[in-house]
**Q** 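Dropping a structure here in structure tokens format, bear with me for questions.
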Amino acid sequence: MSLPATERTNLLGLPRPALETFVAQLGSRPFRARQLLNWIYKRGTGEFAAMTDLARDFRARLAAQAEVRPPEIVRVQHSADGTLKWLLRADAAQAFEMVFIPEPDRGTLCISSQVGCALDCSFCSTAQQGFNRNLTTAEIVGQVWLAMRELERGSQPAGRGAPAGDAAMPAERRVTNVVLMGMGEPLANFRNVVPALDILLDDYGCDLSRRRVTLSTSGLVPQIYKLAEVSNVALAVSLHAPDDALRNELVPINRKHPIAELLPACWHYLDEQNGRSVTFEYVMLDAVNDSPAQARALARLLKGHPAKVNLIPFNPFPGTRYTRSPAPVIQRFRDELLQRGVLATVRRTRGEDIDAACGQLAGRVIDRTTVRLGNKVIGVTVQP
Ligand code: SAH
């Protein structure tokens, strides 16, 4: 019997063990799951009819009860620097964004984990949209699947074969790296994000190495400890300030989980997962957090630990009260860190002309929360 489209199981949401169970329920042998995964992720097809090494009646049962359905594309935007941004449908009214950033040696896909965000960071445009809902595992994996397929099909950065911007720069046009740095706080959607990470890393799935998948968090300390038990992807933490007084203002979740709790959670994650280092993101806000004294305070926090600092020039958006630190100030800040033995790099801003840079992803969100995490943290339970 054929199920209506809305009731079919979206296979993009099933990690291998769950897919094996599903396949067994359809009366086939569990190892068929691997063949199925091979078609979906290695060959990039979601058409069961095309999966010719699967028995005909199994294919028919799959077609009746399952589907491979990525999020629907609402709009694609091309930046002059080759960056691509997709607006993806969450439902009739809501949408979220993903961004592909081609570089000479890698292609980074920045994906979303939620429609909007409840964390209320004062310098982030997504925060202004409010929070609507968590993305499902299928919607998270579906972004990667979709981007891989779209890039393959020639939805090329900067208009096929004629890269604007760095014309001489050969750009990687495949997804080699995935960062959970789009809309949302991934650790506030732990239940759906962790199975998605499993699929991204599975040899039979997207087959990405653990060092090429990065989860970025604003610092949900209990969830960092939980993540250490179940995943080993690279960890990035949005620090943005060297002391609690300032961090409380910029990243309000700090009032609940201050720096002295956050950093030990990061070191624990590395110990448990045998990781190399944690990347600390630090947005450069003019005359707010960018003084040499603040750089020295940051160096004192991180010195001697396996940490890297990634300085992100602030990306403005309508209505913000912040401005970007001047380039020489950012260089000076970096040098203060380097002189004290703390590794630091400055993130190159990409996709600014299409609002695809860090903190500019706004999607289309209708806020339906009454309580936000962060500023109004009282009594909020983060989904386990
Ligand atoms: N919620 C997660 C994932 C988002 S990652 C987190 O906070 O880590 C996006 C990164 O861009 C974070 O480090 C975020 O703090 C930073 N960011 C947000 N708004 C920004 C802006 N306007 N300019 C530059 N970076 C910004």
Side-chain angles (χ1 to χ4, degrees), residues 85 96-99 101 108-131 134-135 140 143 177-190 193 196-197 213-221 223-224 227 233-241 246-247 249-254 256-257 262 265-266 269 278-286 288-290 308-325 330 345-352 355-363 365 372-375 382:
K85 181 169 86 167
F96 56 99
E97 296 183 318
M98 76 172 173
V99 176
I101 307 144
T108 303
L109 187 71
C110 176
I111 61 172
S112 294
S113 56
Q114 298 182 311
V115 182
C117 189
L119 270 289
D120 254 358
C121 299
S122 59
F123 53 88
C124 180
S125 142
T126 304
Q128 297 208 326
Q129 314 296 307
F131 173 74
N134 284 325
L135 292 177
I140 297 167
Q143 292 172 67
N177 294 58
V178 172
V179 295
L180 281 89
M181 296 187 184
M183 293 167 69
E185 166 50 52
L187 293 185
N189 183 13
F190 197 91
V193 164
L197 296 175
V213 177
T214 303
L215 181 147
S216 179
T217 177
S218 56
L220 299 189
V221 169
Q223 280 72 24
I224 294 175
L227 188 71
V233 295
L235 184 66
V237 172
S238 295
L239 192 58
H240 304 315
L246 182 57
R247 194 163 191 269
E249 210 181 286
L250 300 178
V251 186
I253 194 73
N254 193 71
K256 201 169 178 186
H257 304 297
L262 175 58
C266 296
Y269 184 84
V278 171
T279 300
F280 291 94
E281 293 152 294
Y282 195 102
V283 64
M284 297 302 289
L285 304 168
D286 186 27
V288 174
N289 65 353
D290 62 352
K308 278 192 268 193
V309 176
N310 195 214
L311 302 173
I312 315 175
F314 172 67
N315 295 307
F317 52 89
T320 180
R321 61 179 185 273
Y322 299 108
T323 51
R324 179 182 292 180
S325 309
I330 300 179
T345 50
V346 179
R347 191 177 290 179
R348 226 177 111 208
T349 299
R350 300 288 302 265
E352 251 180 318
D355 288 345
C358 304
Q360 293 186 316
L361 301 189
V365 181
R372 299 252 185 107
L373 294 169
N375 248 333
V382 175

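Whatever order the structure lists them in is the order used to number ligands and atoms, beginning at 1.
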**Q** Looking at side-chain heavy atoms only, is the closest gap between Val233 and Leu180 below 4.5 Å?
**A** no
**Q** Report yes or no: does Gly184 have a heavy atom closer than 4.0 Å to ligand 1?
**A** yes
**Q** Can you name the atoms of ligand 1, numbered from 1 with element, that are less than 4.0 Å from a heavy atom of Asn315?
**A** 21 (C), 22 (N), 23 (N), 24 (C)
**Q** How far is atom 9 (C) of ligand 1 from its nearest protein heavy atom, and which residue and atom is that?
**A** Met181 O, 3.5 Å
**Q** What part of Thr217, side chain from CB on, backbone N/CA/C/O, both or neither, has a heavy atom under 4.0 Å from ligand 1?
**A** backbone
**Q** Ignoring hydrogens and geometry, is there a side-chain-to-backbone donor-acceptor pair from Tyr322 to Ser122 under 3.5 Å?
**A** no
**Q** Counting each atom of ligand 1 from 1 as listed, which ones have a heavy atom of Ile312 under 4.0 Å away?
**A** 24 (C), 25 (N)
**Q** Would you say that Val365 contacts Met183 through its side chain, given a criterion of any heavy-atom pair below 4.5 Å between the two side chains?
**A** yes
**Q** What residue and atom, counting heavy atoms only, is the protein's closest point to atom 19 (N) of ligand 1, and at what distance?
**A** Gly359 CA, 3.0 Å
**Q** Kindly determine whether Val251 and Leu119 satisfy side-chain contact (heavy atoms from CB on, under 4.5 Å), including the steps that lead there.
**A** CA-CA 8 Å; Val251 186; Leu119 270 289; 5.9 Å; no
**Q** Without swapping roles, check the side chain of Ser325 against the backbone of Ile330 for a donor-acceptor pair under 3.5 Å.
**A** no
**Q** So for ligand 1, is Cys117 a polar contact partner (N or O within less than 3.5 Å, distance only)?
**A** no
**Q** Considering only the protein, which heavy-atom contact is closest to atom 17 (N) of ligand 1, and what is its distance?
**A** Phe123 CE1, 3.8 Å
**Q** Which residues pass the salt bridge (charged side-chain N to carboxylate O under 4.0 Å, His left out) test with Arg247, not counting sequence neighbours?
**A** none
**Q** Would you call Gly182 a ligand 1 contact, heavy-atom distance under 4.0 Å?
**A** yes
**Q** Among protein heavy atoms, which sits nearest to atom 25 (N) of ligand 1, and what does the distance come to when rounded to 0.1 Å?
**A** Cys358 CB, 3.5 Å
**Q** Is Asn315 reaching over with its side chain to a backbone N or O of Glu352, donor-acceptor style, under 3.5 angstrom?
**A** no
**Q** Just jot down the ligand 1 atoms closer than 4.0 angstrom to any heavy atom of Cys124, in number order.
**A** 18 (C), 19 (N)
**Q** Glu281: what forms a side-chain hydrogen bond (donor to acceptor under 3.5 Å, both in side chains) with it, not counting sequence neighbours?
**A** Ser216, Ser238, Arg347
**Q** Give a yes or no on whether the backbone of Glu97 and the side-chain of Ser112 come within a donor-acceptor separation of less than 3.5 Å.
**A** yes
**Q** Return the option from Ser122, Pro313, Ser238 holding the heavy atom at the smallest distance from atom 13 (O) of ligand 1.
**A** Ser238
**Q** Side-chain contact test, heavy atoms from C-beta onward, threshold under 4.5 Å: evaluate it for Pro186 versus Thr217 and give yes or no.
**A** no
**Q** So is Glu185 polar-close to ligand 1, meaning N/O to N/O under 3.5 Å?
**A** yes
**Q** Spell out, as yes or no, whether a donor-acceptor pair under 3.5 Å connects the side chain of His240 to the backbone of Val283.
**A** yes
**Q** Out of all atoms in ligand 1, which are within 4.0 Å of some heavy atom of Val283? Include the element for each.
**A** 23 (N), 24 (C), 25 (N)
**Q** Which protein heavy atom lies closest to atom 2 (C) of ligand 1, and at what distance to 0.1 Å?
**A** Ser216 O, 3.3 Å
**Q** Show the numbers, then the answer: is there a side-chain contact (heavy atoms from CB on, under 4.5 Å) between Val288 and Phe123?
**A** CA-CA 11 Å; Val288 174; Phe123 53 88; over 6 Å; no
**Q** Under a 4.0 angstrom heavy-atom cut-off, which atoms of ligand 1 come close to Ser218?
**A** 6 (C), 7 (O), 8 (O)
**Q** Which ligand 1 atoms does His240 reach within 4.0 Å, using its non-hydrogen atoms?
**A** 13 (O), 14 (C), 15 (O)
**Q** So is Met183 in contact with ligand 1, going by heavy-atom distances below 4.0 Å?
**A** no
**Q** If the cut-off is 4.0 Å to any non-hydrogen atom of Glu281, which atoms of ligand 1 fall inside it?
**A** 10 (C), 12 (C), 13 (O)
